[in-house]
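Order of appearance sets the numbers: ligands from 1, and atoms from 1 within every ligand. In this chain, residues are counted from 1 in sequence order.
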Amino acid sequence: MASFASIIDNQRKFFLSNATKSIDFRIQQLQKLKMALQQHEEEMSRAIYLDFKKSDYETYTTELALVYGDIKEAIKKVKKWSKIKKVRTNSANFPAKSYLVPEPLGVALIIGAWNYPYQLTFAPLVAAITAGCTAVVKPSEIPENTSKTIASIIQKTFASDYITVIEGDVAVTTNLLEERFDKIFFTGSTSVGKIVYQAAAKYLTPVTLELGGKSPAFVTESCNIAMAAKRLTWAKYLNAGQTCIAPDYVLVHQSIEQQFIEAIKNEINQAKYTINNKNYVQIINKHHFQRLIRLIDSSKIAHGGNFDENERVIEPTILSNVNFSDAIMQEEIFGPILPIITYTNLKEVVDQVKKMEKPLSCYLFTAHNKDKQHVLSELSFGGGAINDAVMHISNSNIPFGGVGNSGMGSYHGKAGFDAFTHYKGILDKATWLEFKMKYSPYTDKKLRMIKKMLG
Ligand code: NAD
């Protein structure tokens with residue numbers, strides 16, 4: 001394999017040739033990617049099932065469908081997004097036009113996480129192609145079959161001086177981060193996000209950091225309990241809880257706690273999430289399996305708690321009577337364990353959550369507008385949903401990303417295009433008029449006039 005430096009050098013040469021900038025080229029590449037993904041759907045499904053038994057259904061609905069949706073929208077809108085945008089000119093610059101010229105940032109590095117390996121590499125790639133960048137893609141090495149499949153699809157579809165895959169572990173990523181990129185798009189943990197940010201600082205490379213955290217769900221006494229339980233159960237146990245925007249824990253009003261827990265149990269049973277169900281995803285590896293088992297406090301199990309170590313499967317588990325000081329509340333769970341904390345006063349519990357790091361998502365189940373207003377005005381978080389969970393990611397008009405510890409920047413749809421784009425701000429001035437006031441020698445009279453005009 002060529003050295004990283006030469007791969008990047010070749011991509012930069014290709015980028016500087018302007019080949020990636022034409023709209024026709026971008027659309028062709030998006031279509032090529034879509035065809036390649038469609039042709040390899042079975043192979044992708046097989047690989048991810050080998051890695052952590054993700055079902056065909058979840059692979060399609062939570063990974064590929066999202067990428068296809070982004071491609072479809074990008075093909076439809078890339079021309080509009082790439083147009084020069086006029087903006088108003090201020091009076092001091094009269095007579096002139098002002099506009100923003102979108103330009104692709106250049107050679108992008110896309111680093112993916114393991115939990116949605118296809119979506120988290122291909123969706124940023126769609127955004128990079130749409131913006132007119134070249135890309136080096138580094139999938140997570142943890143689902144190794146999936147990583148190989150991503151590499152093989154991209155290598156068959158694109159020339160390496162345009163888009164390529166570099167597979168590898170932490171050491172490989174560390175070396176890759178030594179190189180100079182024009183954009184780094186990283187999805188992963190907050191701790192590694194900090195490493196990436198530091199590496200990017202060396203060349204002042206702009207970054208998007210899609211990180212994680214503990215996303216709360218508030219379940220108020222006014223909510224539709226059955227619907228809240230249905231949507232939260234799906235959102236929590238999807239991908240066996242290994243979802244960055246899964247409801248990490250639930251804050252439920254004390255008066256409805258028992259009813260809510262019963263409703264969740266009922267949903268778990270109906271979904272048939274059992275250890276032997278081939279639709280129920282495995283925990284990704286032994287390390288995470290052991291970490292999760294340690295988080296199950298047996299004295300607090302309200303449901304589930306069983307597991308199969310050989311199969312790396314943990315039953316959907318509910319923990320009740322949980323406190324903010326419990327071990328499970330000290331880290332992102334990233335598994336099928338749902339801690340339930342009760343509250344009596346929404347304002348007080350919101351204040352508790354406010355003391356924690358800003359989460360990637362927040363969910364609120366309520367029938368009252370005042371609850372919505374309170375949570376939305378008090379808490380800072382990446383994005384979220386009211387009376388639903390996780391589904392906000394499927395609306396590409398909602399930029400997806402975190403804030404503070406859960407990340408910076410966002411993507412999907414136009415936000416994805418913007419993530420790989422720089423907007424050059426241009427003042428385009430006429431030559432038929434100029435104000436003498438602007439120029440030296442400065443006089444008191446000029447100052448008075450300027451103050452009148454601009455004050
Ligand atoms: P991770 O941070 O361990 O790994 C992500 C990527 O970084 C991988 O490609 C890995 O090879 C690389 N990496 C790991 N350690 C590194 C190091 N020391 N130096 C350089 N590179 C390194 O994350 P993960 O375990 O793959 O994913 C889980 C985390 O990602 C969770 O916190 C989850 O919330 C978050 N996540 C966020 C989103 C989002 O869109 N915001 C999506 C999925 C996952």
Side-chain angles (χ1 to χ4, degrees), residues 4 51-52 54 62-63 66-67 70 109-124 127 136-144 146-147 150-151 165-179 181 184-200 202 207-215 235-236 238-248 283-285 287-289 291-292 331-335 357-362 381-384 390 392-394 398-412 415-416 419:
F4 295 162
D51 285 326
F52 58 122
K54 195 180 286 212
T62 68
E63 305 240 18
L66 213 121
V67 178
D70 277 0
L109 170 63
I110 295 169
I111 303 177
W114 58 261
N115 57 329
Y116 289 86
Y118 297 127
Q119 189 215 119
L120 299 175
T121 46
F122 289 123
V136 173
V137 178
K138 211 303 284 179
S140 169
E141 70 284 12
I142 293 178
E144 54 171 325
T146 312
S147 172
I150 293 170
V165 170
I166 292 176
E167 286 189 89
D169 57 11
V170 176
V172 170
T173 321
T174 306
N175 289 337
L176 202 48
L177 284 168
E178 288 287 312
E179 300 296 331
F181 290 93
I184 300 177
F185 189 106
F186 171 80
T187 305
S189 58
T190 301
S191 56
V192 179
K194 290 177 186 174
I195 296 172
V196 171
Y197 202 13
Q198 270 183 347
K202 184 170 158 195
V207 294
T208 298
L209 302 175
E210 295 283 344
L211 313 177
K214 286 183 86 63
S215 299
K236 178 69 188 188
L238 179 76
N239 213 26
Q242 302 165 115
T243 302
C244 57
I245 48 173
D248 186 274
I283 304 305
I284 186 70
N285 57 24
H287 162 73
H288 281 288
F289 183 87
R291 179 184 65 77
L292 287 164
E331 61 182 88
E332 182 181 7
I333 300 170
F334 226 56
E357 294 291 355
K358 295 177 182 181
L360 183 57
S361 299
C362 176
F381 53 90
V390 167
H392 60 298
I393 196 175
S394 67
I398 300 177
F400 178 81
V403 57
N405 250 42
S406 56
M408 65 178 69
S410 57
Y411 75 129
H412 292 304

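Remark: Glu141 pairs with Lys138 by the side chain to side chain donor-acceptor pair (under 3.5 Å) rule, at least two apart or across chains. For Ser406, the side chain to side chain contact (heavy atoms under 4.5 Å, CB included) criterion is met by Leu360, Val403, not counting sequence neighbours.
Ligand 1 has no nitrogen or oxygen under 3.5 angstrom from a nitrogen or oxygen of Thr190. For ligand 1, the polar-atom distance check against Asn115 finds no nitrogen or oxygen pair separated by under 3.5 Å. For ligand 1, the polar-atom distance check finds an N/O of Lys138 within less than 3.5 Å of one of the ligand's N/O atoms. Considering backbone and side-chain N/O of Gly168, none are found under 3.5 Å from N/O of ligand 1. Remark: ligand 1 and Gly188 share an N or O pair separated by less than 3.5 Å (distance only, no angle test). Between Asp169 and ligand 1, a contact under 3.5 Å exists for no N or O pair.
Atoms of ligand 1 lying under 4.0 Å from any heavy atom of Glu141, numbered from 1 in the order shown and given with element: 10 (C), 11 (O). Near Leu120, meaning under 4.0 Å from any of its heavy atoms, are these atoms of ligand 1: 42 (C), 43 (C). Within ligand 1, the atoms closer than 4.0 Å to a non-hydrogen atom of Ile111 are 6 (C), 7 (O), 9 (O), numbered from 1 in the order shown. Numbered from 1 in the order shown, with element, the atoms of ligand 1 that lie under 4.0 Å from a heavy atom of Phe334 read 28 (C), 31 (C), 33 (C), 34 (O). Here is the list of ligand 1 atoms found below 4.0 Å of a heavy atom in Val170: 14 (C), 15 (N), 16 (C), 17 (C), 18 (N), 19 (N). Under a 4.0 Å criterion applied to the non-hydrogen atoms of Ala113, ligand 1 contributes the atoms 26 (O), 27 (O), 44 (C).
Heavy atoms of Val196 found under 4.0 angstrom from ligand 1: none, in either backbone or side chain. When non-hydrogen atoms are compared, ligand 1 lies under 4.0 Å from neither the backbone nor the side chain of Thr243. Contact annotation for Phe186 and ligand 1: only side-chain heavy atoms (C-beta onward) come within less than 4.0 Å of the ligand.
Scanning the protein for heavy atoms near atom 42 (C) of ligand 1, the closest one is Cys244 SG, 3.1 Å. Of all protein heavy atoms, the one closest to atom 3 (O) of ligand 1 is Ser189 OG, 4.0 Å. In this structure, the protein non-hydrogen atom closest to atom 26 (O) of ligand 1 is Trp114 CD1, 2.9 Å. For atom 40 (O) of ligand 1, the closest non-hydrogen atom of the protein is Phe400 CE2, 3.3 Å. Scanning the protein heavy atoms around atom 31 (C) of ligand 1, the nearest turns out to be Glu332 OE1, 3.5 Å.
Classification of the Trp114-His288 ring pair by plane angle, with boundaries at 30° and 60°, yields tilted.
Nearest heavy atom pair, residue Leu211 against residue Ser189, reads CD2-O, 3.5 Å. Of all heavy-atom pairs spanning Val196 and Phe186, the tightest one is CG2-CD1, 3.6 Å. Heavy-atom minimum distance, Gly402 versus Glu210: N-OE1, 4.4 Å.
Contact between Gly402 and ligand 1 is absent, with no heavy atom of the residue lying under 4.0 Å from the ligand. Using 4.0 Å as the threshold, Gly112 has a heavy atom nearer than that to some atom of ligand 1.
Atom 11 (O) of ligand 1 lies below 4.0 Å from at least one non-hydrogen atom of the protein.
Counting heavy atoms from C-beta outward, Pro139 and Val165 have side chains that approach closer than 4.5 Å. Here the side chains of Val172 and Phe4 are in contact, with some heavy-atom distance below 4.5 Å.
Counting only distance, with no hydrogens or angles, the side chain of Glu357 and the backbone of Asn405 share no donor-acceptor pair below 3.5 Å. Judged by distance alone, the side chain of Lys214 and the main-chain N or O of Pro359 form no donor-acceptor pair under 3.5 Å. Checking side-chain atoms of Asn239 against main-chain N and O of Asn115 turns up a donor-acceptor pair under 3.5 Å. Judged purely by atom type and a 3.5 angstrom limit, Asp70 has no side-chain atom pairing as donor or acceptor with the backbone of His412. With hydrogens and angles disregarded, a donor-acceptor distance shorter than 3.5 Å links the side chain of Gln242 to the backbone of Ile284. Side-chain atoms of Ser147 never come within 3.5 Å of backbone atoms of Pro143 as a donor-acceptor pair (strictly under, hydrogens ignored).
When Leu211, Thr187, Val192 are checked for heavy-atom proximity to atom 5 (C) of ligand 1, Thr187 turns out nearest.
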